[in-house]
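Encoded as structure tokens, the structure appears first; notes follow it.
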Amino acid sequence: VLPRKEFFEAWEVARRARRCFRGGRVMDLAAGHALLAHVMLLLDDTSPEAVAVDAALPPSAPRLHDVIVDAWPRLRDRVTLVNAPLDDVSLHMNDVVVSSHACGALTAAGARVVVLPCCHDVATCDAGALAGWMDAALAIDVVRATSLERTGYRVWTQTIPAAITAKNRLLLGRPSEPAAHSP
């Protein structure tokens, strides 16, 4: 029920995410089968729970969840599958927002964010003035990263192996620490 590619993408995204961000509630947005939510908890048990939200969860998502929980009982009652529009999701500052092949605008509500973007439609995504110099998809991802920085985030850019997916640019960000005040 799960394409092989999706397994490898989730593993690579979660592995890199957990190198940067530990703990917090995991919010897997545009979750599909919710594999990324499960892997995030497997790699860091300090996250108390994961919520996997998709406007149209695949019918096989609950079955995959059951198989994973049977193999790793410590995940029982820690992953919630939610069939709802992403606009209905409330995010908190301590969350780790993850999404593999997410579409649409990046809103993080002051939470840590890990996104493997997929949509690069110049009609709906902002390429800024960069599309004349570089590939439109790259321009869109550069604008996404710089926009996140402008909102006060510390940003890291990475890639996962192109053999896994051609859309392999990973964007990670966390709210910048407030500047220390002198006495």
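Worth knowing before you read on, the calculation uses all heavy atoms, side chains too, and leaves out hydrogens, waters and symmetry mates. One-based numbering along the sequence shown.
- Here the side chain of Ser176 pairs a donor or acceptor atom with the backbone of Gly152 at under 3.5 angstrom.
- For the pair Glu12 and Thr165, the minimum side-chain heavy-atom distance is 4.5 Å or more.
- For the atom pair NE2 (His33) and CD (Glu6), the distance works out to 5.5 Å, reported to the nearest 0.5 Å.
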>> Between Leu171 and Val114, is the side-chain contact (heavy atoms from CB on, under 4.5 Å) condition met? List the steps.
In response: CA-CA 6 Å; Leu171 176 61; Val114 180; over 6 Å; no
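- Counting only heavy atoms from C-beta outward, the side chains of Val26 and Glu49 never approach each other to under 4.5 Å.
- Exactly one of Ser100, Pro161, Pro3 qualifies for a side chain to side chain contact (heavy atoms under 4.5 Å, CB included) with Glu9. That residue is Ser100.
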> Under the salt bridge (charged side-chain N to carboxylate O under 4.0 Å, His left out) criterion, do Arg144 and Asp141 qualify, and how do the steps go?
Replying inline: CA-CA 5 Å; Arg144 286 173 171 154; Asp141 286 344; 2.8 Å; yes
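- Partners of Asp45 under the side-chain hydrogen bond (donor to acceptor under 3.5 Å, both in side chains) rule, at least two apart in sequence or in another chain, are Arg74, Arg78.
- Side-chain contact between His65 and Leu81 is present, with heavy atoms from C-beta onward closer than 4.5 Å.
- Rounding to the nearest 0.5 angstrom, the gap separating the CG atom in Asp28 from the CG atom in Leu36 is 4.5 Å.
- The shortest non-hydrogen separation linking Ala111 to Pro175 is O-CD, 3.9 Å.
- Atom-to-atom distance recorded for Gln158:CD and Leu172:CG is 5.0 Å, nearest 0.5 angstrom.
- Between atom CE of residue Met27 and atom NE2 of residue His92 there is a gap of 8.0 Å, rounded to the nearest 0.5 Å.
- By the 4.5 Å heavy-atom criterion applied to side chains, Val98 and Val115 are not counted as neighbours.
- Note that CZ of Arg16 and CG of Leu43 are 12.0 Å apart. Values are rounded to the nearest 0.5 Å.
- The distance from atom CG of Asp54 to atom CG of Leu86, rounded to the nearest 0.5 Å, is 6.5 Å.
- Between Leu75 and Leu42, some side-chain heavy-atom pair lies under the 4.5 Å cut-off.
- Atom CG of Asp77 has 12 or fewer neighbouring heavy atoms from other residues, nucleotides or ligands inside a 6.0 Å radius.
- No side-chain donor from either of Ser60 and Arg63 sits under 3.5 Å from a side-chain acceptor of the other.
- Side-chain N or O atoms of Asp44 include one that pairs as donor or acceptor with a backbone N or O of Gly23 at under 3.5 Å.
- Taking 4.5 Å as the limit, every side-chain heavy atom of Val97 sits out of range of all side-chain heavy atoms of Arg112.
- In this model, a donor atom of one side chain and an acceptor atom of the other lie less than 3.5 Å apart for Arg18 and Ser47.
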> side-chain contact (heavy atoms from CB on, under 4.5 Å) between Arg25 and Asn94: does it pass, once the steps are laid out?
Replying inline: CA-CA 7 Å; Arg25 178 180 69 162; Asn94 292 327; over 6 Å; no
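- With a 4.5 Å cut-off on side-chain heavy atoms, Leu64 and Ile68 count as touching.
- The side-chain heavy atoms of Ile140 and Asp126, taken from C-beta on, include no pair separated by under 4.5 Å.
- Listed by first then second residue, pairs satisfying ring-ring contact (aromatic ring centres under 6.0 Å, His included) with a partner in residues 128-147 number zero, not counting sequence neighbours.
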> Does the pair Leu35 and Val39 meet the rule for a side-chain contact (heavy atoms from CB on, under 4.5 Å), with working shown?
Replying inline: CA-CA 6 Å; Leu35 185 60; Val39 176; 4.2 Å; yes
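- Summarising the local packing, CZ of Arg19 is surrounded by more than 12 heavy atoms from other residues, nucleotides or ligands at distances under 6.0 Å.
- No donor-acceptor pair under 3.5 Å is formed between the side chain of Arg174 and the backbone N or O of Phe21.
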